[in-house]
Structures are given as structure tokens and as C-alpha cells.
Amino acid sequence: SGGADDAGCGVLGGACCVGATPCTGILVCRAGICSACGRSGDPCCAGDGCNVGLTCEAGTCTGCGGMGQACCPGTSPCATGSRCVSGMCSACECTPGMREETPCERCGTRTRTCLDSCTWGTLGACSDMGECDAGMVETVPCERCGTRTRTCSSSCRWGLATGCTGMGECEPGVTSTSVDGVSCGVCQAFECDSACHWSEGCSACTCTGGGPSCAACTAGYHPESFTCSLACGSCAGGGVNQANCQPNCGTSFRSCAACPAGYHPESFTCSLSCGSCAGGGQNQASCAVNDDSFTSCAACPAGYRTSGSRCSLSCGSCAGGGVNQVTCDRL
């Protein structure tokens, strides 16, 4: 017979009945006896059911939800302070809603928030940054090509700059008619270069203008060429009576007269712009500013010593095996 009432079968502690329903209710048949189920250590009830806080493992209800235990079924798989990871309850990284700040560049901070899953969210962008990285040393320019340094403090703020060091002789672009006891001629000046050093010679111009003159060029100017002009009168016999005057300045220029003070003749040539070169002579000088060392078709000027001499065709003839070019070095 297969009924639940036969010989007391199917009840708690009774024999299991024969048929599809061996035990009543949630009781389970174990070793031929209807046994209680669902409690810790009990068999799992029908449908693998267990009491709250337990889970069915290998047919037996075992504890779940605690740290290191299997995750419980349902919406609260783990106890507070733990989370379900790969079926096991593991410790939470953080408490949901908690905020954490971590340092970032230039004394700034990044913030992250604990998610409902007890894990940290993504770090935010670096904020509240200072001016610089602590310990950084910066070099900044100061007067006459000098430099100052300043150091970034532990609070990422620039400290006070040091005094200006490594300064040059002058400010770029400034001119002076006299440097270290050397004076320039009219219309000439030393010029401070981009490295804050004075030019070697008086190459800067302090004069402007010039142009045609019916008389000799005034001080500070040289004749660049000659011509005949009715405005200046008669040019009897094919002569010239007007000079085109230009300032004595720049690194070099051509002159129909001797080179002015501060310049030396690099070469001589015959130029029709300067007039006639009767007898094969030369009437135009190529003038270059005097620097620390140069070669000249004339004797070395005051303040220089002659360190060598030779014959150069650029300076003209060396009749009889003579020399006509010297090397000049500043004393």
C-alpha cells in the first residue's frame, strides 16, 4: 500500500512510505526514515530549501552569508561588512557612501566614493592643485641676461627668487659711444648684443640722413660716390662736384675717401663712382669696423699691435717684394 497512513509511514521519525510521496510536508526520506529538514546540518528540504541564513550544499543545509562562507540565496547574499564574490562572501573594500581622498600632482587630491557593492568607484580628476611640484627649481631671466632661481615649497607654492646672477655687460640693444676707455668716432657707437656683451667695434649708427652735398662731407660722414651736378655749378673738363655722403657706421661700407676712425681698409679698388683712376690707381676703400683682431691695408691703429704682415693683391701692389697688409690684435 502507498498511503501516508499505512503503518504510520511518512511522519517524522516514521518509515518512508512507498510511492511518489514518501514523507509528508517538507520532511525528507533519509535512510528509509522521514527526517526533519532545512535546519543547519539537516538534509535540504524538497526543492533544495533551507532555513534563512542557510544554503543547500551537497544535500545538506549549511551556514551561508558569513565571511568566507558561501553566498546565501536571495537579495541579501552576505552579512553586513561582506560582499558576494564568485559565490563566496568576502570582506568589503569600503562602506557604501564613504569618500576617500588620495594625493596627486602639485599637492592636489583625487576623490573616490564607495559604491553599493562595497567596492571603490573610479578616482576623479586631480583638483585643488598648487603652482608647482614640491622641490622643483625654476630658473627665470633677469636684467642683463642674468638669471634668478626659485624653489617650490612643500605646499606647492613658489618661494622667493634669489638675487640676479650671471649678468652680462649691458642690456641688449643699448648703445654707448665709449666702452672700457675706448671711444667711438662721430656717428659711431658700441652696441649691446643679444648675449648682453658689447660689440667688438663701434658698429652702431648714431647719425641718420646724409645724401648729396656740393661741399666735402661733414664730420661723421664719408663720400660714397661722386657725380657732376649742375646744382653745384660747372664740371669743367669732365670733373665731379657733388658728393653722396653717408654716415660712418655699420659693420662695413665703401668710401671714396680714407676710412674714418674706428674702421680699417680691408681692400682697395678702382670704382668709377668715385671718379677717375688715372695711371691704374685705386680710389675706393672697403672699410670694416675694428674688432679684436683684423687684417688691414693700413698700419694698425692706436690700441692694437701688429702680429703679422704680408703682401695682398686686395691692398694693391707690393713693388720690390714689400708687404702691404698687416694683422692687428687688440692690446
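Residue numbers run from 1 in the order of the sequence given.
Side-chain atoms of Thr306 never come within 3.5 Å of backbone atoms of Gly308 as a donor-acceptor pair (strictly under, hydrogens ignored). Side chain of Asn324 to main chain of Gly316: a donor-acceptor pair is present (N/O by atom type, distance under 3.5 Å, no hydrogens or angles). Of the possible polar contacts, none joining the Ser213 side chain to the Ala243 backbone as a donor-acceptor pair under 3.5 Å is found. Using a distance-only test at 3.5 Å, with no hydrogens or angles considered, a donor-acceptor pair links the side chain of Thr24 to the main chain of Gly10. Without hydrogens or angle criteria, Glu169 side chain to Trp198 main chain gives a donor-acceptor distance under 3.5 Å.
Checking Thr62 against Thr60 by side-chain atom types alone, no donor-acceptor pair falls below 3.5 Å. Under 3.5 Å, the side chains of Thr269 and Arg254 contain no donor-acceptor pair of N or O atoms. A donor-acceptor pair shorter than 3.5 Å can be found between the side chains of Asn244 and Gln246.
By the neighbour-count criterion of 12 heavy atoms within 6.0 Å, atom CG of Asp292 is densely surrounded, having more than that number from other residues, nucleotides or ligands. Around CG of Leu272, the count of heavy atoms belonging to other residues, nucleotides or ligands within 6.0 Å does not exceed 12. Within 6.0 Å of CG in Leu331 there are more than 12 heavy atoms belonging to other residues, nucleotides or ligands. Within 6.0 Å of CG on Asp291 lie more than 12 heavy atoms contributed by other residues, nucleotides or ligands.
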Begin with the C-alpha distance, continue with both residues' side-chain angles, and end with the deciding distance and a verdict on side-chain contact (heavy atoms from CB on, under 4.5 Å) for Ser252 and Val289.
-> CA-CA 6 Å; Ser252 64; Val289 69; over 6 Å; no
Might you work through the side-chain contact (heavy atoms from CB on, under 4.5 Å) test for Asp193 and Ser199, ending with a clear yes or no?
-> CA-CA 7 Å; Asp193 62 22; Ser199 58; over 6 Å; no
Evaluation steps, side-chain contact (heavy atoms from CB on, under 4.5 Å), between Tyr221 and Val186 | CA-CA 8 Å; Tyr221 291 79; Val186 180; over 6 Å; no
side-chain contact (heavy atoms from CB on, under 4.5 Å) assessment of Thr295 paired with Arg310 = CA-CA 10 Å; Thr295 56; Arg310 67 190 63 80; 3.8 Å; yes
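Residues Cys256 and Phe226 approach most closely at CB-CE1, 3.5 Å, considering heavy atoms. In plain terms, the two heavy atoms of Cys72 and Gly65 that are nearest each other are SG-N, 3.3 Å. For the pair Ala189 and Thr206, the tightest heavy-atom approach, listed with the atom from each and the gap, is CB-CG2, 3.7 Å. The two atoms that bring Pro265 and Ala298 nearest to each other are CG-CB, 3.7 Å, heavy atoms only. Residues Trp158 and Glu131 approach most closely at N-OE1, 2.9 Å, considering heavy atoms. Asn283 and Cys270 get closest at one heavy-atom pair: OD1-CA, 3.4 Å.
Disulfide criterion (SG-SG under 2.5 Å) for Cys17 and Cys9: met. Cysteines Cys56 and Cys44 have SG atoms closer than 2.5 angstrom. Under the 2.5 Å SG-SG cutoff, Cys78 and Cys89 qualify as a close cysteine pair. A disulfide is assigned to Cys126 and Cys104, since their SG atoms are nearer than 2.5 Å. For the cysteines Cys37 and Cys61, the sulfur (SG) atoms lie at a distance of at least 2.5 angstrom from each other. Disulfide criterion (SG-SG under 2.5 Å) for Cys287 and Cys259: met. Between Cys29 and Cys23, the sulfur-to-sulfur (SG-SG) separation does not fall under 2.5 Å. Cysteines Cys297 and Cys315 have SG atoms closer than 2.5 angstrom. Pairing of Cys217 with Cys245 by a disulfide is supported, the SG atoms lying closer than 2.5 Å. Sulfur-sulfur distance for Cys196 and Cys170: not below 2.5 Å, with no disulfide indicated. A disulfide bridge connects Cys235 to Cys228: their SG atoms sit within less than 2.5 Å of one another.
Rounding to the nearest 0.5 Å places OG1 of Thr119 at 5.5 Å from CD of Glu93.
When the ring-ring contact (aromatic ring centres under 6.0 Å, His included) test is applied to Tyr304, the partners found at least two apart in sequence or on another chain are Phe294.
Aromatic ring pairs are classed by plane angle as parallel below 30°, tilted from 30° to 60° and perpendicular above 60°; the pair His222 and Phe253 is parallel.
Residues Arg148 and Glu143 are paired through a salt bridge, judged by an N-O separation under 4.0 Å between the basic side chain and the carboxylate. Note on Arg144 versus Glu171: no salt bridge recorded, every NZ/NE/NH1/NH2 to OD/OE distance being 4.0 Å or above. A salt bridge between Arg112 and Glu101 is absent, with no side-chain N of the basic residue lying under 4.0 Å from a carboxylate O of the acidic one.
At a threshold of 4.5 Å between non-hydrogen side-chain atoms, the residues Glu100 and Trp120 count as touching.
Val179 and Val174 end up in the same hydrophobic cluster when Ile, Leu, Val, Met, Phe, Trp and Tyr side chains are linked at under 4.5 Å.
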